[in-house]
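To start, the structure under review is shown below, and the notes come after it.
Whatever order the structure lists them in is the order used to number ligands and atoms, beginning at 1. Predicted, not measured: the structure shown is a model, and the values here were computed from it.
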Amino acid sequence: MSASLEKGVNALREQVDSTVAAFFSSCVHCGMCAEACLFYTETGDAERTPINKTEPLRRIWKYEYTLFGRILKLLGLAKPVDEELLTEWETLVYDSCTMCGRCSMVCPVGIDITGVIRKTREGMAAAGHAPKGLIGATQRAITIGSPMGVKLPALQAQIRHVEEDLGLKVPVDVEGADYMLLLSSMEIMNFPEFIDALTRIFDKAGVSWTISSQAFEATNSGIQIGVSDLAAELVQRIVDAAEKLKVKTVISPECGHAYFAIRWDGPNLVGKPFGFKVRHILEVLDELRRDGRLKTSGFEEQKITYHDPCQITRRGGVVDEPRNLIGMIAKNFVEMPEHGKMNWCCGAGGGVSANERADEIRLQVFQRKKSQLDEIHAEAIVSACSNCRIYLEDGLEAHNMEIPVLSLTETLAEHLED
Ligand code: SF4
Ligand code: SF4
């Protein structure tokens, strides 16, 4: 056994706890998770069912932790976890799963299949079986601080532009501010309008906020690739910055997985509760709406729908807030079929977008989003995740659909009351 394979098998072994054992032993093979997964429904490929993606971890559990499996192993009848298996499963575990959480919602015996796939990634990554794109993004996140290699001067340049355009200050490193805003690299490089929009909204609402020059990156490639140590290191940087600036709340921006990583996985990764709150930007904006501090005027004319980013809605619990906010600016709002917690993924989450090898299947499974949109004839899509935004646009273009994709925060800012 090669050293990397041994490391991977050991990493998988470490993931087998009582929860994983209970999950594997209670699966009744009903197939319901398959029908919930767009990588199965849009390809019809039985290999892409959610539970099948956990096979490397299941084998370790079966042959090392169950009596029947151990007997098979003694008789030389066990199917080992070997390089061949890991090579084959790499495209299932990384290219064909966005960690969207939809399968976990439907399992009748309550198996958190998404969580088990996440654990399977731990072993795959340790054995060197992670996609190149994700390895590169994670290395850049650790060494540079951003998966896209965005450094502080690039952020400072965007901030300067916003300040010049608006004549307003974008606060950086303000000790004692109420809120510390995180940003995704995608927002900094592709959608700096988001910084512009929030600067205007927060100025109108009189919000005390800041950006940390020490930890401004929200995304966490460690979670996506499945290496908890690296994920914890990235979370710790944010914790250190928030503590240094003594802020009360850290805001996760319009990025899906960043929110899940910092709010729900974060304290577990660093092994202690945070001394500050974490809120998604939509939660903050909805609180401002509720308190009468966010006021808008006028309405969008077109028929608008909302794409629920999986990590914000299904896995994050932010369901009503975007709808409350859209209600302020849209009279002609239409829900997608299976909206909210059971909405379908854009196909690009969970590191799929950082993995060029997965481009073809990503566009293939976009067919599911297309079917949803075909039913409602929406003229614009609003969402709250930059990754969803880019890859919705990509999928729409590939399917010859001309529907603009808007940021909810930016659209609200366009309607700010004078
Ligand atoms: S998390 Fe989503 S993409 Fe991954 S297996 Fe489950 S349903 Fe499919
Ligand atoms: S839905 Fe649950 S019980 Fe049914 S096959 Fe999937 S994991 Fe097994």
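Nearest protein heavy-atom neighbour of atom 4 (Fe) of ligand 2: C30 SG, 2.3 Å. Nearest protein heavy-atom neighbour of atom 2 (Fe) of ligand 2: C107 SG, 2.3 Å. Scanning the protein for heavy atoms near atom 8 (Fe) of ligand 2, the closest one is C27 SG, 2.3 Å.
Ligand-side atoms of ligand 2 in range of I51: 7 (S), range being under 4.0 angstrom from any heavy atom. Near V109, meaning under 4.0 Å from any of its heavy atoms, are these atoms of ligand 2: 3 (S). Every atom of ligand 2 with a heavy atom of P108 under 4.0 Å away is listed here by number and element: 1 (S). Of all the atoms in ligand 2, the ones that sit under 4.0 Å from a non-hydrogen atom of G31 are 4 (Fe), 5 (S).
Relative orientation of the H399 and F366 rings is tilted, given thresholds of 30° and 60° on the angle between their planes.
Between R48 and D45, at least one side-chain nitrogen of the basic residue sits less than 4.0 Å from a carboxylate oxygen of the acidic one, meeting the salt-bridge criterion. At a threshold of 4.0 Å, the pair E6-R13 does not count as salt-bridged, since none of the basic side-chain nitrogens sits closer than that to a carboxylate oxygen. Between R102 and E338, at least one side-chain N (NZ, or NE/NH1/NH2) sits under 4.0 Å from a carboxylate O, which counts as a salt bridge.
Atoms of the protein (N, O or S only) found under 2.8 Å from atom 6 (Fe) of ligand 1 are C103 SG.
Under the 3.5 Å distance criterion, with hydrogens and angles disregarded, no donor-acceptor pair is assigned to the side chains of W344 and Q372. For the 3.5 Å distance criterion, the side chains of E335 and T305 fail to qualify, holding no donor opposite an acceptor. Between the side chains of E300 and H415, at least one donor-acceptor pair of N or O atoms lies under 3.5 Å. For the 3.5 Å distance criterion, the side chains of K369 and N343 qualify, holding a donor opposite an acceptor.
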For E14 and N10, run side-chain hydrogen bond (donor to acceptor under 3.5 Å, both in side chains): C-alpha distance rounded to whole Å, both residues' side-chain angles, the deciding distance at 0.1 Å, then the answer. CA-CA 6 Å; E14 279 172 22; N10 284 336; over 6 Å; no

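In this structure, the side chain to side chain contact (heavy atoms under 4.5 Å, CB included) partners of K244, at least two apart in sequence or on a different chain, are Q214.
Residue-level proximity to ligand 2 for V28 is carried by backbone and side chain together, each with a heavy atom below 4.0 angstrom.
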